[in-house]
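Note that the structure is a prediction, hence the values are computed from the model and not measured. Each ligand, and each atom within it, is numbered from 1 in the order the structure gives.
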Amino acid sequence: MSHLFSPITLRGLTLANRVVVAPMCQYSAIDGVPNDWHLMHLGQYAVGGAGLVFTEATAVEPEGRITPGCPGLHNDKQQAEWERIISFFRNYGAAKIGIQIAHAGRKASANVPWDGGTPLAENDGAWRTVSASALPYADGWHTPHALSGNDLAQLKTAFVDSTHRAVAAGFDVIELHAAHGYLMHQFLSPISNQRSDAFGGHLAGRMAFPLEVFEAMRIAAGDTPLGVRISASDWVADSSWTIQESNVFCTELKARGCDFIDVSSAGNSPQQKISTGPGYQTGFAQAVREATGLPVMAVGKITNAIQAETILATGQADMVALARGMLLDPRWAWRAAEKLGEQATFPPQYARSSPALRGEPIPGNPPKAAD
Ligand SMILES: Cc1cc2nc3c(=O)[nH]c(=O)nc-3n(C[C@H](O)[C@H](O)[C@H](O)COP(=O)(O)O)c2cc1C
């Protein structure tokens with residue numbers, strides 16, 4: 001059996017294989033409410049043979065959206081639409097579905113990428129952004145409001161409320177977004193956190209708010225597996241967030257009941273200098289895996305089956321997540337399985353496309369009646 005198509009258990013949940021569809025913003029929600037686009041986007045992956053599919057960054061409050069098109073999970077209407085998507089997974093898919101819970105902090109209030117991705121202008125509906133310190137992400141970006149102690153308590157409650165909603169909606173997995181320069185990362189990194197109170201300064205101070213949020217989410221999540229996506233490094237030379245600090249942070253997360261780490265990098269500074277290439281972040285995943293013993297996801301320019309299998313077989317990671325490769329080929333897992341001599345799950349409606357199946361339904365993806 002290949003490593004890629006062997007099951008893995010996170011807390012009480014077993015994934016059929018180690019192929020993960022990474023979170024991908026779609027900028028297509030209205031008032032934070034997901035819709036048919038999200039049903040189509042996530043639905044194609046529900047039936048595409050991956051073990052786990054993540055939603056995009058989903059905000060805990062309206063001000064936490066990156067753009068006006070980003071979804072949320074803080075009201076009943078949003079929850080009902082997420083439930084519709086989850087119901088599709090249950091009725092037709094074999095994959096599990098995870099939600100990425102997020103707050104964009106100082107990188108919120110931006111235009112969607114196809115309108116430039118720049119900060120929203122006042123007359124385009126810009127909103128007040130928040131962060132650890134009143135430092136804009138870059139020239140021309142909104143100067144965020146530095147969160148007070150009271151603000152932090154309210155925000156923690158928002159993360160907890162969204163977690164409760166995620167569990168109630170039926171998500172199989174929850175991931176806290178602490179990467180890519182969004183709010184949790186803004187607290188962790190000395191680039192964006194220059195506070196002099198208990199939530200800034202030395203490493204313990206910078207980790208304090210993200211760890212408090214995680215602890216509260218852990219209680220709210222109950223038995224649902226809860227992990228964290230980190231940026232393992234800012235890719236900035238001086239006074240920045242590093243893999244060494246990431247290892248300490250992830251060790252603290254483990255002590256608080258974290259079930260996995262999704263290891264990405266960068267996003268907190270326009271000064272970053274990244275050397276990209278195939279599997280360019282995989283070394284970070286391996287470092288976190290070795291430092292913590294937690295299951296880790298590697299992500300970043302993983303595009304072919306042999307590469308993915310090698311990452312797992314050589315102990316660099318426990319799961320692989322793909323984003324752009326999955327946009328290009330939502331059937332990536334089917335092809336990877338064929339390449340590795342495995343049989344992915346196909347919905348019976350599509351079974352005739354599998355060279356090995358000749359139309360036979362696959363256990364694990366049986367036809368089910370819609371609710
Ligand atoms: C269209 C698109 C949207 C993305 N949105 C998110 C997101 O919502 N949350 C997140 O953590 N990463 C997001 N990412 C980053 C991906 O999850 C992934 O980490 C990154 O693209 C590297 O993986 P890849 O080389 O397989 O694309 C996004 C990437 C793409 C291409």
Side-chain angles (χ1 to χ4, degrees), residues 4 18-29 32 34 37-38 40-42 44-45 48 50 52-60 64-73 82 97-105 107-108 110-115 117 162 171 173-186 188 210 227-233 235 260-268 272 274-285 288 296-305 307-308 311 317 319-330 332-333 336:
L4 195 57
R18 289 143 189 265
V19 179
V20 178
V21 179
M24 280 183 278
C25 290
Q26 298 298 295
Y27 313 105
S28 302
W37 177 266
H38 303 83
M40 180 284 295
H41 167 69
L42 296 166
Q44 68 188 327
Y45 299 122
L52 175 63
V53 177
F54 274 111
T55 72
E56 67 205 88
T58 301
V60 299
R65 291 172 301 163
I66 306 165
T67 74
C70 293
L73 182 51
W82 284 121
I97 178 166
I99 182 169
Q100 188 184 52
I101 290 184
H103 193 298
K107 286 174 79 177
N111 285 296
V112 299
W114 48 87
D115 286 337
S162 289
F171 280 106
V173 172
I174 301 173
E175 177 177 273
L176 170 63
H177 196 353
H180 303 167
Y182 297 116
L183 186 62
M184 292 297 134
H185 186 180
Q186 290 160 31
L188 294 171
V228 177
R229 176 169 259 205
I230 62 159
S231 275
S233 166
W235 294 96
F260 64 92
I261 306 288
D262 178 359
V263 186
S264 188
S265 73
N268 199 30
Q272 66 188 26
I274 311 179
S275 40
T276 58
Y280 68 103
Q281 297 173 146
T282 305
F284 292 138
V288 172
V296 300
M297 273 171 212
V299 67
K301 293 205 172 172
I302 299 168
T303 51
N304 79 63
Q307 178 195 16
I311 289 168
M319 293 160 274
V320 292
L322 284 80
R324 288 164 292 182
M326 284 288 177
L327 290 182
L328 187 64
D329 182 8
W332 189 90

Task: Distance-only polar pair, side chains of Glu175 and Gln100, donor-acceptor under 3.5 Å - done: yes
Task: Check: Ser264/His180 side-chain N/O donor and acceptor closer than 3.5 Å - done: yes
TODO: Identify, with sequence neighbours excluded, every residue that meets salt bridge (charged side-chain N to carboxylate O under 4.0 Å, His left out) alongside Arg18.
DONE: none
Task: Verdict with supporting geometry, Phe284 and Val296, side-chain contact (heavy atoms from CB on, under 4.5 Å) - done: CA-CA 10 Å; Phe284 292 138; Val296 300; over 6 Å; no
- [ ] Quick one, list the residues around ligand 1 where some non-hydrogen atom comes in under 4.0 Å, by chain and residue number.
- [x] Ala22, Pro23, Met24, Cys25, Glu56, Ala57, Gln100, His177, His180, Arg229, Val299, Gly300, Lys301, Leu322, Ala323, Arg324
Open item on the list: Could you tell me if the side chain of Val299 sits less than 4.5 Å from the side chain of Gln281, heavy atoms only?
Closed with: yes
Open item on the list: Tell me whether the rings of Tyr27 and Trp114 are parallel (<30°), tilted (30 to 60°) or perpendicular (>60°).
Closed with: perpendicular
